[in-house]
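Reading through the structure tokens given below for one structure.
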Amino acid sequence: QLQASGGGLVQAGGSLRLSCAASGRSFSNRAMAWFRQAPGKEREFVASINWIGNTYYADSVKGRFTMSRDNAKNTVYLQMNSLKPEDTALYYCAGREQLRAVIAVNAYDYWGQGTQVTVSS
């Protein structure tokens, strides 16, 4: 089970940090990712992290977002800086019972409930 939090309303150029807490064992062996979905659009990949902490980002967020994990707390984070109005979406964390992270939506086994991020211009 995944519980996402940290969303909110922020002005363009601002920052937010999302958190996703996982329950259960073997969190350190799971690849994790963040996806987002804007109204009327498909869910899209944002960032991922594998079991040893290697990260990968969508081009649209590269250099602005940073994903990290704290295995002692069973939590992953998404630090979002220099936010833009086009980052407005419902953000979901996801996990899979694999060591390697991928970008495909259907490759993930667990999903959080989503946390809303709204960036005003």
**Message:** When you group the ILVMFWY residues by side-chain heavy-atom contacts below 4.5 Å and let the links chain together, are Ile49 and Tyr108 in the same group?
**Reply:** no
**Message:** Applying a strict under-4.5 Å side-chain criterion to I, L, V, M, F, W and Y, I'd like to know whether Val76 and Val102 cluster together.
**Reply:** no
**Prompt:** Looking at residues at least two apart in the chain, or sitting in another chain, which of them share a salt bridge (Lys or Arg N to Asp or Glu O under 4.0 Å) with Arg43?
**Reply:** none
**Asked** Would you say the side-chain atoms of Gln113 pair up with the backbone N or O of Ala4, donor to acceptor, closer than 3.5 Å?
**Response** yes
**Request:** State, to 0.1 Å, how close Cys20 and Met32 come at their nearest heavy-atom pair, and which atoms those are.
**Result:** SG-CE, 4.5 Å
**Message:** For the CG atom of Asn29 and the CD atom of Gln98, what is their distance to the nearest 0.5 Å?
**Reply:** 10.5 Å
**Request:** Give the ring-plane orientation class for Phe35 versus Trp111, where under 30° counts as parallel, over 60° as perpendicular and anything between as tilted.
**Result:** tilted
**Prompt:** Within a strict 4.5 Å, meaning less than it, do heavy atoms of the Val119 and Glu86 side chains meet?
**Reply:** no
**Prompt:** Would you say Leu2 and Val46 are hydrophobically clustered, going by side-chain heavy atoms of ILVMFWY under 4.5 Å?
**Reply:** yes
**Asked** Below 4.5 Å, heavy atoms only, C-beta onward: do Tyr92 and Val105 meet side chain to side chain?
**Response** no
**Request:** Identify the two heavy atoms, one from Val117 and one from Gly7, that lie closest to each other, and give their separation to 0.1 Å.
**Result:** CG2-CA, 4.2 Å
**Message:** Check this for me: Tyr57, atom OH, are more than 12 non-hydrogen atoms of other residues, nucleotides or ligands nearer than 6.0 Å?
**Reply:** yes
**Request:** Using only heavy-atom distances, determine whether the side chains of Tyr91 and Arg36 contain a donor-acceptor pair under 3.5 Å.
**Result:** yes
**Request:** Decide whether Leu78 and Phe27 are clustered together by the hydrophobic rule: side chain heavy atoms of Ile, Leu, Val, Met, Phe, Trp, Tyr closer than 4.5 Å, transitively.
**Result:** yes
**Prompt:** Can you name the nearest heavy-atom pair linking Ser28 to Trp51, along with the distance?
**Reply:** O-CB, 3.4 Å
**Prompt:** Say you draw a straight line from OH of Tyr56 to NZ of Lys62; how long is it, rounded to the nearest 0.5 Å?
**Reply:** 5.5 Å
**Request:** Would you indicate whether the side-chain heavy atoms of Tyr110 and Glu97 approach each other to under 4.5 Å?
**Result:** yes
**Item:** Asn50 and Leu99, any side-chain heavy atoms less than 4.5 Å apart
**Value:** no
**Carboxylate-amine/guanidinium contact Asp87 Lys84, below 4.0 Å** = no
**Prompt:** Just wondering, are more than 12 heavy atoms of other shown residues or ligands nearer than 6.0 Å to NZ in Lys41?
**Reply:** no
**Fill in**
Nearest heavy-atom contact between Leu90 and Gln116 is CD1-N, 3.6 Å
**Sole residue of Thr118, Leu16, Val61 in side-chain contact (heavy atoms from CB on, under 4.5 Å) with Leu83** = Leu16
**Sequence neighbours excluded - side-chain hydrogen bond (donor to acceptor under 3.5 Å, both in side chains) pairs with any residue from residues 1-17** = Ser15-Asn81
**Asked** Is there side-chain contact between Phe65 and Trp34, with heavy atoms separated by less than 4.5 Å?
**Response** no
**Fill in**
Tightest non-hydrogen contact, residues Ala22 and Arg30, listed as CB-NH1, 4.4 Å
